[in-house]
A.B. asks: 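What follows is a single structure, and I will ask about it in a moment.
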Amino acid sequence: MNNLGYDGVWDLFNLKHVALAGADQEKYTVRPGDLLFNRTNSPELVGKAGVWELDKPFAFAGYLIRVRFDEKPVLPDYVSGYLNSVPGKWYLFDRAKPSNTMSNFSASMFAEIPLGVPPLPLQNGWKALVAAHRDQVVAMGRQGAEADHLFTSLLHRAFAGEL
C-alpha cells in the first residue's frame, strides 16, 4: 500500500518480496488493467486507487482490494480517476469505518460506490488526457533532475577554482 500514491501513481522503488506457491499466484498477483484499492489506512489515505499497468508478476498486499473489470461499460482508469478526485475522496472519507488510527473500506462497500458512467469514447479520451499529463510530469521531473545535476556540477567547479 505504500507503493501506491495518493494520486494513483505507482512508486516501485522500495518493494517487499514474497514467494508464492503456484496455486496462490493467480489469487494474489496483478495483471495489466487491475484496479488496486487501499481498503485500510489512515482516514485521509484509505481509498487510494491505481490501475496496474506492468505485465510482470507482482503480488499485492492484503491491505489492497484487487478489482477486475469488464471494460465494456467502464474503464478501470476512469474508476481510479474518480476515486482519486476530490469528490471521490470526500465520499470515501465520509463512509470509511474508523478504528483507532486506521479506517476501513470493505469490498462490499466498494461495490456500492455510486458512479456516473459516461460513454466509452469519453472515458477513453479522458484516459488519453491523463496519460499525456503524466508523461509531461515525468519529462519535467527528468529536466529538473538534469538541472539539479548541472547546478551541482557548477558548484563543484566553482569551489574547486575551475571557473
Side-chain angles (χ1 to χ4, degrees), residues 1-16 20 25-98 102-150:
M1 72 180 178
N2 293 328
N3 300 104
L4 177 56
Y6 194 67
D7 56 358
V9 176
W10 294 98
D11 176 4
L12 302 179
F13 180 70
N14 186 16
L15 297 174
K16 308 291 186 233
L20 290 175
Q25 287 186 4
E26 177 62 24
K27 186 175 179 181
Y28 297 111
T29 58
V30 290
R31 62 182 182 217
D34 284 350
L35 175 93
L36 292 170
F37 176 83
N38 188 196
R39 66 176 181 83
T40 301
N41 210 324
S42 60
E44 65 278 357
L45 295 178
V46 73
K48 295 186 299 181
V51 178
W52 189 256
E53 297 173 354
L54 296 178
D55 194 13
K56 295 179 180 180
F58 279 82
F60 62 95
Y63 293 108
L64 299 171
I65 296 171
R66 179 188 64 194
V67 183
R68 290 198 170 138
F69 288 84
D70 174 1
E71 293 191 11
K72 291 183 179 144
V74 65
L75 297 176
D77 300 271
Y78 175 75
V79 176
S80 175
Y82 169 72
L83 295 173
N84 290 316
S85 71
V86 171
K89 296 293 185 192
W90 284 343
Y91 178 87
L92 297 168
F93 185 82
D94 186 52
R95 287 166 180 79
K97 303 291 185 207
M102 301 298 269
S103 289
N104 190 12
F105 202 95
S106 68
S108 60
M109 292 167 66
F110 181 88
E112 295 173 358
I113 296 172
L115 182 68
V117 180
L120 274 176
L122 288 177
Q123 292 181 57
N124 280 315
W126 179 84
K127 179 181 176 180
L129 286 172
V130 170
H133 170 73
R134 287 193 176 151
D135 289 347
Q136 288 178 341
V137 169
V138 168
M140 288 173 26
R142 285 189 191 124
Q143 290 172 349
E146 184 178 336
D148 285 345
H149 175 73
L150 291 172

A.B. asks: With heavy-atom distances below 4.5 Å as the criterion, would you say the side chains of Arg39 and Leu64 are in contact?
C.D. replies: no
A.B. asks: Tell me, do Ile113 and Leu92 make a side-chain contact under 4.5 Å, heavy atoms counted?
C.D. replies: yes
A.B. asks: For residues 102-139, pull every pair meeting ring-ring contact (aromatic ring centres under 6.0 Å, His included), keeping only residues two or more places apart or in separate chains.
C.D. replies: Phe37-Phe105, Phe37-Phe110
A.B. asks: Roughly how far, to the nearest 0.5 Å, is the CG atom of Asn38 from the CG atom of Asn104?
C.D. replies: 10.0 Å
A.B. asks: Report yes if the side chains of Val130 and Asp77 come closer than 4.5 Å at any heavy-atom pair, otherwise no.
C.D. replies: no
A.B. asks: Between Asn3 and Leu15, is any pair of side-chain heavy atoms under 4.5 Å apart?
C.D. replies: yes
A.B. asks: Return the CD to CD distance between Gln136 and Gln143, rounded to the nearest 0.5 Å.
C.D. replies: 10.5 Å
A.B. asks: Is there a side-chain contact between Leu75 and Phe69, using heavy atoms and a 4.5 Å cut-off?
C.D. replies: no
A.B. asks: I need the Glu112 CD to Ser106 OG distance, nearest 0.5 Å.
C.D. replies: 7.5 Å
A.B. asks: When rounded to the nearest 0.5 angstrom, what is the spacing between CG in Asp7 and CZ in Arg134?
C.D. replies: 6.0 Å
A.B. asks: For Thr29 and Gln25, indicate whether the former's side chain and the latter's backbone hold a donor-acceptor pair under 3.5 Å.
C.D. replies: yes
A.B. asks: Is the closest side-chain heavy-atom distance between Trp10 and Leu4 below 4.5 Å?
C.D. replies: yes
A.B. asks: Heavy atoms, side chains only, cut-off 4.5 Å: are Glu53 and Pro32 in contact?
C.D. replies: no
A.B. asks: Using the side-chain contact (heavy atoms from CB on, under 4.5 Å) rule, pick out the option among Leu36, Leu35, Leu54, Val51 that qualifies with Val30.
C.D. replies: Leu36
A.B. asks: Take atom CG in Asp55; do more than 12 heavy atoms of anything else shown fall under 6.0 Å from it?
C.D. replies: no
A.B. asks: Count the heavy atoms belonging to other residues, nucleotides or ligands that lie under 6.0 Å from CZ of Phe60, then report whether that count exceeds 12.
C.D. replies: yes
A.B. asks: Run the salt bridge (charged side-chain N to carboxylate O under 4.0 Å, His left out) test against Arg31 and tell me which residues pass, sequence neighbours left out.
C.D. replies: Glu26
A.B. asks: Can you list the steps and then say if Tyr78 with Asn124 is a side chain to side chain contact (heavy atoms under 4.5 Å, CB included)?
C.D. replies: CA-CA 8 Å; Tyr78 175 75; Asn124 280 315; over 6 Å; no
A.B. asks: For the pair Asn84 and Lys89, evaluate side-chain hydrogen bond (donor to acceptor under 3.5 Å, both in side chains) and give the outcome as yes or no after the intermediate values.
C.D. replies: CA-CA 6 Å; Asn84 290 316; Lys89 296 293 185 192; 3.1 Å; yes
A.B. asks: For Ala96, does its backbone N or O pair with a side-chain atom of Ser103 as donor and acceptor, under 3.5 Å?
C.D. replies: no
A.B. asks: Does Pro73 offer a backbone N or O that forms a donor-acceptor pair with the side chain of Gln123 under 3.5 Å?
C.D. replies: yes
A.B. asks: If you round to the nearest 0.5 Å, how far is CH2 of Trp52 from CZ of Arg66?
C.D. replies: 12.5 Å
A.B. asks: Can you tell me how far the OG atom of Ser85 sits from the CH2 atom of Trp90, to the nearest 0.5 Å?
C.D. replies: 9.5 Å
A.B. asks: More than 12 foreign heavy atoms under 6.0 Å from OH of Tyr28: is that the case here?
C.D. replies: no
